[in-house]
Amino acid sequence: MAFTIDVREDGTPVRWALDADGGATPTADPDYQPTIYAAARDDRDRPLAWLADALADDPKVVAVERVRKHRSLRAEGPSPMLAIRLDRLDEVRQVAREIRQREQEAFLPGTFSLYDVDLDPGFRYVADRGFDPTPERELAVLDLALPEPAVADGDVGPLRIDGDPAVGDGSAGADAASPAAAVADAVETELDSRDPDVLLLSSGEIVPLLAAAGVDLGRRPGFSRLAGESTYVSYGQVGHSPARYDVPGRALIDRSNSFLYGHSNLAGLLYFVERAGKPLQELATDSIGGVLTAIEIRAARRWDGHHVADEEREDGVPAPWQKRQTEDWKSLETLHTADRGGFTFQPEAAVHEDVHELDFASLYPNIIRNYGVSPDTVCCDCCDSAAVPELEYSLCENRDAFLARVLGPLLDDRSDAKARLREAGSGEDTTDDEAVVEAIKWVLVSCFGYQGYRHAKFGRIETHEAINAVAREIMLTAKRRLEDAGWRIVHGIVDSVWVTAASDREQRPVREVADEITDEVEIRLEYEGCFDWVAFCPRKRASGAALMRYFGRWADETVDVPDSTAADPAAAVDFDDRYKLRGIEARQRSTCEFVADAQRDLLATVHRERASEAVCDRLERHLRELRAGAVDPADLAITQRVTKTAEAYEQSTRAKAALERAAAVGVPRSPGQSVEYVVVDDDCSGPERVRLAFESDDAWPAGRRYDATFYADRLVRACESLIAPLGWEEGRIRSHLQRDRDVALSAFGE
Amino acid sequence: MGRTRRTLRDQFDAIEREWTPFRRSLRRHHQPAFDRLFDRARSHADAAGQQNAPDRWRAFVFCVLLAQERAIAEREETIAQQRQALDALGERVDALEAESPGDRPE
């Protein structure tokens, strides 16, 4: 009914409905008036009356009415509020800011709570008007990609349409005035013939670049810039968000700025368009927490004080802005008890054989759902249940558990999609189901952490604490049951547990025990599989085992080796299916392909030989290749996300050198963006130390030479990760190599 | 995220860092014992974390005691086994001596 919404310059929303046979039809809605809500502290009447008065002669405000709505999920009943109806969709934040300023004239700060302020305009519009943004036919998609150096140069020449060059190298564009004009023609042709509904762009900057070449990507002329680029910090990581653009009548998806698209695909996005009731373009730019918030905002509008109703309610909970909810008062003792994460065992840094892995399925979301842990239920005033272990918080039995109602459908849809995947034949195309499973997984991941985030609209730290407390209890229950059944705990992290047979005991079948645990804790404990062996790595530069660095080899029965390949079963199974790696170099984003490949190869040697000497001998083969200069530099590219500007680095690090290099060759990088480089001379500082992956031959030292010593060091460290559980540290590897080198010095070509 | 308190494992690491001057002043051949103390403490940090005692030193000392208790028990068991083996050997020697009293070596 309204798959994408434009906001015209006069603030009027235009909704685009898809036509059944392709194309789309716009309808302007000049009568639409966005509304924000204001409540006063302690529901006092005087401030509301004052505010209504103060807004009376504001030309941006059309009308002010008295309404009654719930202030929060925990509110006893509805409170008096002002519904402030505005003329223009693009003035909402302006009005809200002005109310905050006026507040200071007459009242203490925080006297007014404002609601429904920071909603994306298209989302607000469809939610207020009751339109469903879910497309009712298949969307036509046009994929445009431009390599980054070309974006930086403002050159549309190398543009690719659906993966193919827009203009061939030869004569295709010969009759056009310039390469840019030829590309423009090619894009126009595609737009005319296909009339796409969705534009999938490698970068939003393609919009202004093509506009400059005379191409309107929208269904009407023109484009607008919704936001400039910016750098932000989230979960302690520096991120970068590129500028956002909008064109009339089509939904833009910027691949470089859509987490969900990157981890799923269009089907994953469309699933959440339907669940959240948020138009595709806005949903694509949302973070996973943003998607969850959208679903919550919809559900909160249906909240009647105790339950999520089927329809939106006049007195539902509007979305709070600048939430000022503080943490509940609690004693130091409670704080000390509550402020903890899940339970993690201390593993022994060694190789363990015949180990079974068991995982709780979506532990945190299922705790929320099955135990009813939610902002509205935790520490309620009406129940005296002390239901949360250790913390003795109550869990309300008279309310719906809002968060459980929000997550329930996602959990069900995910397990349905997983069931379909399991049943699908080998020839079936399961891409969409896989994408939906992935997309939901990520949003579920956010649901727990988000409870502790102080800006989360419907989050609450006590919910976060309670979920953790229940999770610890569940892990200890599982531990007791498994040990009772004759199993020894090798390791356990929050929702996963590894067990092996206790040598002096009889065991009951591990799957049977898992089922019993499932029944007791009411959350499925899934049997993940059996490892031939699994190794937990010692910590680097400190004693004891690392908690999250391990690797193991799945047993034949787990990877399901086909009978026909019995002669050579190892060759038949994909490496990624055969081995599970966590935290070691081959899994790290910053490891270059060459080192990652070598580590995987060494891992196979670890399995075959189970002796450090043999692994070191194999390592030498890779070192020889490296030192001979035989490695393709593309395989040595290191991808690193930079966190500061080049000037802000005090040490001369490689990241700093790469940033300086990027600036020097005209592709400057902002904090939060990634840079991809090859180290050519680690002894240098400054831009000569590295080369960027895409630089041409003449920018490199002769023969695209790289710094073999630097990469050899990386390789040795990757090897150390694998044989450290066998008791070998780096020094011993180096002396082993040295010994061999004395024997066969010439082998290294030095 | 909600959690701001350090885990007990991290607190043990912090103690180890704070006590670096102590370790530096130890004779080299005494330093491994110092390191072992922290290995022992860490081996039960998971359970101590669940106990969540307000005093990290109490947790540290209890973990070390427990690990040493385990080490003592293991050693006692080894000693008992070796004593048994020794007794069995002694009995065999006695039996052999009883069989051939005249063949005693000079």
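In what follows, every chain begins at residue 1, and chains take the letters A, B, ... in the order their sequences are listed.
- Between chain B and the residues A/L332, A/T344, A/L335, the most heavy-atom pairs under 4.5 angstrom are made by A/T344.
- Using a 4.5 Å cut-off between heavy atoms, A/E390 touches chain B through its side chain atoms alone.
- In the displayed structure, B/Q84 atom CD is contacted under 6.0 Å by at most 12 heavy atoms of other residues, nucleotides or ligands.
- With a 4.5 Å cut-off on non-hydrogen atoms, B/A48 does not touch chain A at all.
- Heavy atoms closer than 4.5 Å to chain B are found in the side chain of A/L476, but not in its backbone.
- No more than 12 heavy atoms of other residues, nucleotides or ligands lie within 6.0 Å of CZ in B/F62, so this atom counts as exposed by the packing criterion.
- For A/F345, the parts lying under 4.5 angstrom from a heavy atom of chain B are both the backbone and the side chain.
- Taking CD1 of A/I493 as the start and CG of B/D46 as the end, the distance is 12.0 Å to the nearest 0.5 Å.
- Of the listed residues (B/R42, B/R9, B/H44), just one forms a side-chain hydrogen bond (donor to acceptor under 3.5 Å, both in side chains) with A/Q346, and that residue is B/R9.
- Under 4.0 Å is where a charged nitrogen must lie from a carboxylate oxygen, and between B/D13 and A/R539 at least one such pair does.
- Smallest separation of non-hydrogen atoms from B/N52 and A/T337: ND2-CA, 3.3 Å.
- When the shell of 6.0 Å around CZ of A/R582 is examined, it contains more than 12 heavy atoms from other residues, nucleotides or ligands.
- For B/Q81, the CD atom sits in a packed shell: over 12 heavy atoms of surrounding residues, nucleotides or ligands are nearer than 6.0 Å.
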